[in-house]
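The shown structure was predicted, so the numbers you read here are calculated from the model rather than taken from an experiment.
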Amino acid sequence: MERYDTGKDGSIDLMELKLMMEKLGAPQTHLGLKNMIKEVDEDFDGKLSFRETLEQQLESRGEWFDGS
Ligand SMILES: [Ca+2]
């Protein structure tokens, strides 16, 4: 999923998540995106690290990154 990290900083920020969800065919509102980040963000930096998203995916939300 590194291809979604357009900033190449090792994490997915709000804008990158927005683009990612649009590409996955499930566009989210700004509020929806913030809630998604808040749900997964373990260190409260407002971004999703690959580790955080991977853990989330493994735990319960596999549908997030389906179709990759
Ligand atoms: Ca984080």
Side-chain angles (χ1 to χ4, degrees):
M1 58 177 280
E2 282 82 359
R3 66 198 172 101
Y4 294 117
D5 180 24
T6 55
K8 303 291 183 202
D9 60 353
S11 60
I12 303 286
D13 64 18
L14 192 91
M15 285 308 297
E16 289 167 347
L17 182 62
K18 182 175 187 291
L19 288 172
M20 188 172 83
M21 295 311 290
E22 286 172 359
K23 283 178 184 168
L24 291 176
Q28 302 290 313
T29 63
H30 189 80
L31 188 63
L33 293 165
K34 286 179 87 169
N35 285 337
M36 286 174 73
I37 289 179
K38 198 165 68 178
E39 210 175 285
V40 186
D41 194 5
E42 288 183 334
D43 53 11
F44 306 107
D45 61 356
K47 296 178 179 180
L48 303 183
S49 67
F50 292 134
R51 187 181 61 79
E52 286 169 340
T53 52
L54 183 63
E55 283 176 359
Q56 175 80 356
Q57 184 180 16
L58 291 175
E59 278 172 10
S60 59
R61 298 279 289 271
E63 72 268 22
W64 264 39
F65 304 114
D66 279 359
S68 60

Could you give the distance from [atom1] ([X]) to [atom2] ([Y]), rounded to the nearest 0.5 Å?
{"X": "Leu33", "Y": "Leu19", "atom1": "CG", "atom2": "CG", "answer": "9.5 Å"}
{"X": "Lys18", "Y": "Asp13", "atom1": "NZ", "atom2": "CG", "answer": "12.0 Å"}
{"X": "Asn35", "Y": "His30", "atom1": "CG", "atom2": "NE2", "answer": "10.0 Å"}
{"X": "Ile12", "Y": "Ser49", "atom1": "CD1", "atom2": "OG", "answer": "9.5 Å"}
{"X": "Leu31", "Y": "Thr29", "atom1": "CG", "atom2": "OG1", "answer": "5.0 Å"}
{"X": "Glu52", "Y": "Asp45", "atom1": "CD", "atom2": "CG", "answer": "6.0 Å"}

Provide the closest heavy-atom pair for Pro27 versus Glu22 in the form atom of the first, atom of the second, distance.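 Scanning both residues completely, I find the closest heavy atoms to be CB-CG, 3.9 Å.
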I need the minimum non-hydrogen distance between Ile37 and Lys47, along with the two atoms involved.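 Minimum heavy-atom separation between Ile37 and Lys47: CG2-N, 4.3 Å.
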Which residues share a side chain to side chain donor-acceptor pair (under 3.5 Å) with Gln28, sequence neighbours left out: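 In terms of side chain to side chain donor-acceptor pair (under 3.5 Å), with neighbours along the sequence ignored, Gln28 is linked to no residue.
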